[in-house]
Amino acid sequence: MSSSSSPVNPVEETFYITTPIYYVNARPHLGHAYSTIVCDAVARRKRSQGIATWFLTGTDEHGQKIERSAAKAGKTPAEFAAAISNEFRSLWDRMGLTYDDFIRTTEPRHKQGVQKLFAVLKQKGFIYKGSYTGQYCVSDETFVEVGPGQPCPDCGRITETISEENYFFKLSAFERRLLEHYEAHPEFIQPEARRNEVIAFVRGGLKDLSVSRTSFSWGIPVPGDEKHVIYVWMDALANYMTALGYGSDAPGDQEQLKRFWPANVHLVGKEIIRFHCVYWPAFLMAAGLPVPKSVIANGWLLFDKSKMSKSVGNIVRAETVLEVLGADALRYFLLREISFGHDGNFTFEALVQRYNSDLANGYGNLVSRVVNMMHKYFGGVLPAAGSLGTAEESIHAQAARTVTDFHAQFDAMDFSRALETLWALVAAVDGYLTAAAPWKKREGVSDGEHAAAQARVLATAAEAIRIITALAHPILPESAAKVWRQLGVGEIEQAARQGEFKAVAWGGLQPGTVFEAPAPLFPRAEKDAVERMQNLENDNNASAVNAASGGVEKSPSESPSLSESRAEPSGTKTVPIKEPDVVPAPEPAVVVPKPESKDAASYGAVAAAPAAAAETPAASAVEGIAQIGIEDFTKVELRVAQILVAERIPKADKLLRLEVDLGYEKRQILAGIAQYYEPEKLIGRKVVIVANLASRKMRGLESNGMLLAASIGEQGAPVLAGFLEDVPIGARLK
Ligand code: ME8
């Protein structure tokens, strides 16, 4: 509702909410869906309150990781980015998400805005050219504060000494202003834990930030100095303004920017809070632009106890849930089950249980009972409730309290409590209906009295359902639309758009309203629902592995880890802010039994066939070794790698630290072969590695893969696998 022309209320109330823009180096999963669903629910609710709302999402398409992923898939970065971006967008459409704009950072409108921001910052004296020499972690693409030759404090890989001529942003000049801003606007960073984390980071001191790179070209060129590309985070963060027309001269675009900037909410995952609460406001302050009103962090969706992420390789796709239970079930589950701001577990079992208890047996069943009885006893035409008794008064009172509490809880982003409150009303109405039993004629009651009781009970229950549905609409849009039609009050989207839910109050259903025929809302999920979803995921994983060599789907090892996922070419102090709360402890992809005689740690990351198996020609016949199908084998990515660096690790007499070259990337592997191989002799040797084994930490160092070796004799001495012919590095073993 625009009130800009109204003299009474000249200031239009607007609301602008954004999701992070998602990287296009892997397909969308439930983690991305979660943040986007939260924004969608909030946007729907704001619109239904008559507030002019703008909801932005999109994809983050530049940077070295994407350039590399594209090269690996044999595509140009532009083709590669377009394909994945399209997947995100199609999925959001399939889920019925009501974004108003979808920005891609490869669009000209974005490029021109980012270049303008860079130019403004430079012109105002906040960007200068300088050179920097420091320890660079190639894997994380970040400078870190360690001495030469020391490992990266985040990932444990050895750093390199690098000198680069770069453009720098005077981040150090904003330390005080940022702290003052956090102080004056406690709502700027939410929740509290994230706020404390950011404040501590800034108090620790800010150094100037390198905002250009010359070592790759897939990015937005620095205006006037095109051999540099603009730092990917500066590029990405600017999307929130370029999407509104920042950088454009078109008059309409300026209106949009004026109308919606600053954003009310940047909703982000907690691992990227620093970029949004330190760098982004500093860029904006420097450019003389208003900063967003709040940055709100969602916690992580965990699966198998680790953050659901492409690098851990434990993702679940939204499509799987959509196919079996539908979009509303997913929305309800994520908002009800996870206490917003905290990490929360996703399991298929919990999803099905919630679906059955709250949706199929709860709300769905209540609606079906009432609509059916309305048809049975009143020909589908709502009667007047007549005089009310204490039971009805009690439902009225609870409904009124529910409206107030739900509003407050939803607006505080406490979706779980808001839904708990609302479902308490569902249960109360259900109980009321059961106690009143309008289908039962009591003894000694006349037909007229019975009909009046039926009218009172059904009209009360139907009105309560209307209230529940109006409130639930932002979370269950599809089902709420069906219920609205069944109640005979038309299209809920229209009602919402017209701001009808600004004040939800008792008495919206008018006697005489004609109900539509009952229609199923949430068919009960059968016992096999969990299995069906698991099978869909397994099938998808198997086909993803097959596609990994040529397609866009990525095996876990090809995907950047949390800390790898964003280049941070800065001279700043790095904080391991992207480290999960929950340390992933994934099982190795290949389950190779270890020899009984060896303690597990002594092997480190060497896959050794068991002694018995190695010495027995028909290894598969050895008892206890399960047969596997080809689909299991194809899940394992075996590749030829060349050892570049091999060295002992202080105080770890069994482990060697290796750096291996796979052709398309270099990585660190820790191998338990120190007692059998001299490190110097390994350099240059070609070995076979399990390339898609989830990374794990040993002795504080990360190991990304596993060497294949035969295990010989009682001690299980490892003998590294190799080839008689010369084989190119990176070649896959099939
Ligand atoms: O970080 N649980 O993109 P990204 C909850 N391009 N939320 C999750 C999640 C999980 N397991 N996994 C992903 C980037 N998310 C940058 C952002 S913004 C200017 C640039 C959600 O593809 C969550 O919102 O790695 C997280 O911050 C985002 O996806 C990361 O997406």
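Counting starts at 1 for both ligands and their atoms, in listed order. For the numbers below, each heavy atom of this structure counts, side chains included, while hydrogens, waters and symmetry mates do not.
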Against heavy atoms of [X], which atoms of ligand 1 measure under 4.0 Å?
{"X": "His276", "value": "18 (S), 19 (C)"}
{"X": "Ser35", "value": "7 (N), 21 (C), 23 (C), 24 (O)"}
{"X": "Asn298", "value": "5 (C), 7 (N), 24 (O)"}
{"X": "Ala236", "value": "19 (C)"}

Ignoring angles and geometry beyond distance, decide whether [X] reaches within less than 3.5 Å of ligand 1 through its nitrogen or oxygen atoms.
{"X": "Trp300", "answer": "no"}
{"X": "Met308", "answer": "yes"}
{"X": "Ser309", "answer": "no"}
{"X": "Ile21", "answer": "yes"}
{"X": "Leu301", "answer": "yes"}

Could you tell me how the ring of [X] sits relative to the ring of [Y]: parallel (under 30°), tilted (30 to 60°) or perpendicular (over 60°)?
{"X": "Phe340", "Y": "Tyr34", "value": "tilted"}
{"X": "Phe88", "Y": "Tyr22", "value": "parallel"}
{"X": "Phe169", "Y": "Phe283", "value": "perpendicular"}
{"X": "His181", "Y": "His185", "value": "tilted"}
{"X": "Phe118", "Y": "Tyr167", "value": "perpendicular"}

Mind checking whether [X] contacts ligand 1 via backbone (N, CA, C, O), side chain (CB onward), both or neither, at a 4.0 Å heavy-atom cut-off?
{"X": "Tyr240", "answer": "side chain"}
{"X": "Thr19", "answer": "neither"}
{"X": "Asp60", "answer": "side chain"}

Exercise. Is the cationic atom of Arg274 (NZ for Lys, CZ for Arg) positioned less than 6.0 Å from the six-membered ring centroid of Phe201 and within 45 degrees of its normal?
Worked result: yes
Exercise. Is it true that the NZ or CZ of Lys46 lies under 6.0 Å from the centre of Phe15's six-membered ring and within 45 degrees of the ring axis?
Worked result: yes
Exercise. Has Gly299 got any heavy atom lying under 4.0 angstrom from an atom of ligand 1?
Worked result: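 The answer is yes, since Gly299 has a heavy atom less than 4.0 Å from ligand 1.
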For this session: Using the test side chain to side chain contact (heavy atoms under 4.5 Å, CB included), find all partners of His29 that sit at least two apart in sequence or belong to another chain.
Result: His32, Met308, Ile315
For this session: Under the side chain to side chain contact (heavy atoms under 4.5 Å, CB included) rule, collect the residues that match up with Val120, sequence neighbours excluded.
Result: Lys116, Lys124, Tyr246, Ala287
For this session: Run down the list Tyr34, Tyr279, Phe303, Tyr23 and name the one with the heavy atom closest to atom 25 (O) of ligand 1.
Result: Tyr23
